[in-house]
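Read the structure below first, then the notes.
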Amino acid sequence: MSSTIQIRVDDELKEKSDELFKELGTDTTTAIRMFLTQAVSIGGFPFEIKKLQSHSDPFRPMTYEEMYEEINRAKQMADDGKYRSAEAVAEDLKNKYGF
């Protein structure tokens, strides 16, 4: 037996997610199924959830500990294959902002 889940998202989010998942070799429905499977498997969200503090300044000086934590987090993401090339980022900026 299987169930149907229906969600509403705005058109732009749907188009962008369809395009992204197509580039990754899958589709949005499969990606959602993967999200649910992973969440059940690990007993929670398959990514870190944080509340952003409205007073947080992204340009504030970091302590050495915070800097090393950020470096280690970035290294782990790179090791997990979760990165994009500078060319891809530049192309996105060009397409989005026209430069």
Side-chain angles (χ1 to χ4, degrees):
M1 184 173 177
S2 64
S3 297
T4 300
I5 298 174
Q6 292 182 336
I7 60 170
R8 289 201 181 276
V9 296
D10 63 58
D11 292 338
E12 183 180 359
L13 176 60
K14 174 73 166 82
E15 290 170 13
K16 287 182 177 182
S17 65
D18 286 345
E19 182 180 322
L20 170 65
F21 296 128
K22 183 178 180 181
E23 289 174 10
L24 295 172
T26 190
D27 57 37
T28 302
T29 300
T30 302
I32 293 169
R33 190 176 299 112
M34 292 167 65
F35 167 83
L36 295 173
T37 301
Q38 188 69 10
V40 169
S41 173
I42 65 171
F45 284 98
F47 47 81
E48 184 178 12
I49 303 289
K50 285 186 179 181
K51 178 183 173 188
L52 295 178
Q53 297 180 9
S54 61
H55 64 277
S56 179
D57 177 3
F59 302 106
R60 69 172 173 69
M62 297 173 74
T63 66
Y64 284 110
E65 183 178 299
E66 290 171 326
M67 187 171 31
Y68 285 118
E69 286 176 10
E70 188 67 19
I71 290 168
N72 287 330
R73 186 183 69 78
K75 183 182 180 313
Q76 184 61 52
M77 290 179 72
D79 290 346
D80 292 344
K82 297 177 183 175
Y83 63 88
R84 298 182 59 225
S85 70
E87 292 82 10
V89 173
E91 185 65 25
D92 285 349
L93 291 171
K94 178 181 169 187
N95 292 335
K96 186 171 184 175
Y97 300 108
F99 59 84

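Just so you know, these numbers come straight off a predicted model, no measurement behind them.
- Partners of Glu69 by side chain to side chain contact (heavy atoms under 4.5 Å, CB included), not counting sequence neighbours, listed by chain and number: Glu65.
- For Met34, the CE atom is loosely surrounded, since the number of other residues' heavy atoms within 6.0 Å does not exceed 12.
- Summarising the hydrophobic clusters (Ile, Leu, Val, Met, Phe, Trp, Tyr; side-chain heavy atoms under 4.5 Å, direct or chained), the residues clustered with Val40 are none.
- With sequence neighbours excluded, the residues satisfying side chain to side chain contact (heavy atoms under 4.5 Å, CB included) with Thr29 are Asp27, Arg33.
- Every side-chain hydrogen bond (donor to acceptor under 3.5 Å, both in side chains) that Asp79 has, sequence neighbours left out, goes to Lys75.
- Other residues sharing a hydrophobic cluster with Phe21 under the 4.5 Å side-chain heavy-atom criterion for ILVMFWY residues are Leu20, Leu24.
- Judged as a side chain to side chain contact (heavy atoms under 4.5 Å, CB included), and not counting sequence neighbours, the contacts of Met77 are Arg73, Lys82.
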For residues 12-19, please give each side-chain donor-acceptor pair under 3.5 Å, one per line with the distance, not counting sequence neighbours.
residue, atom, partner, partner atom, Å
Glu12, OE2, Lys16, NZ, 2.8
Lys14, NZ, Asp18, OD1, 2.9
Lys14, NZ, Asp18, OD2, 2.6
Ser17, OG, Leu13, O, 3.1
Ser17, OG, Lys14, O, 3.0
Asp18, OD1, Thr28, OG1, 2.5

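- Annotation: side-chain hydrogen bond (donor to acceptor under 3.5 Å, both in side chains) contacts of Glu23 (sequence neighbours excluded): none.
- Counting only N and O atoms by type, the side chains of Gln76 and Asp80 include a donor and acceptor under 3.5 Å apart.
- Annotation: side-chain hydrogen bond (donor to acceptor under 3.5 Å, both in side chains) contacts of Arg84 (sequence neighbours excluded): Asp92.
- Under the salt bridge (charged side-chain N to carboxylate O under 4.0 Å, His left out) criterion, Glu66 pairs with Arg60, not counting sequence neighbours.
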Show, in sequence, the C-alpha distance, side-chain angles and deciding distance for Ile5 and Ile32, and conclude whether the side chain to side chain contact (heavy atoms under 4.5 Å, CB included) test is met. CA-CA 10 Å; Ile5 298 174; Ile32 293 169; 6.0 Å; no
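- Atom CZ of Phe45 sits in a sparse spot, with 12 or fewer heavy atoms from other residues, nucleotides or ligands closer than 6.0 Å.
- A search for side chain to side chain contact (heavy atoms under 4.5 Å, CB included) contacts involving Ser41 returns nothing, not counting sequence neighbours.
- For CZ of Phe35, the number of neighbouring non-hydrogen atoms (other residues, nucleotides, ligands) closer than 6.0 Å is greater than 12.
- Residues satisfying the side-chain hydrogen bond (donor to acceptor under 3.5 Å, both in side chains) test with Asp10, not counting sequence neighbours, are none.
- Remark: Ile42 CD1 to Phe47 CZ distance equals 9.0 Å, nearest 0.5 Å.
- Surrounding CD1 of Ile71 are more than 12 heavy atoms belonging to other residues, nucleotides or ligands, all under 6.0 Å away.
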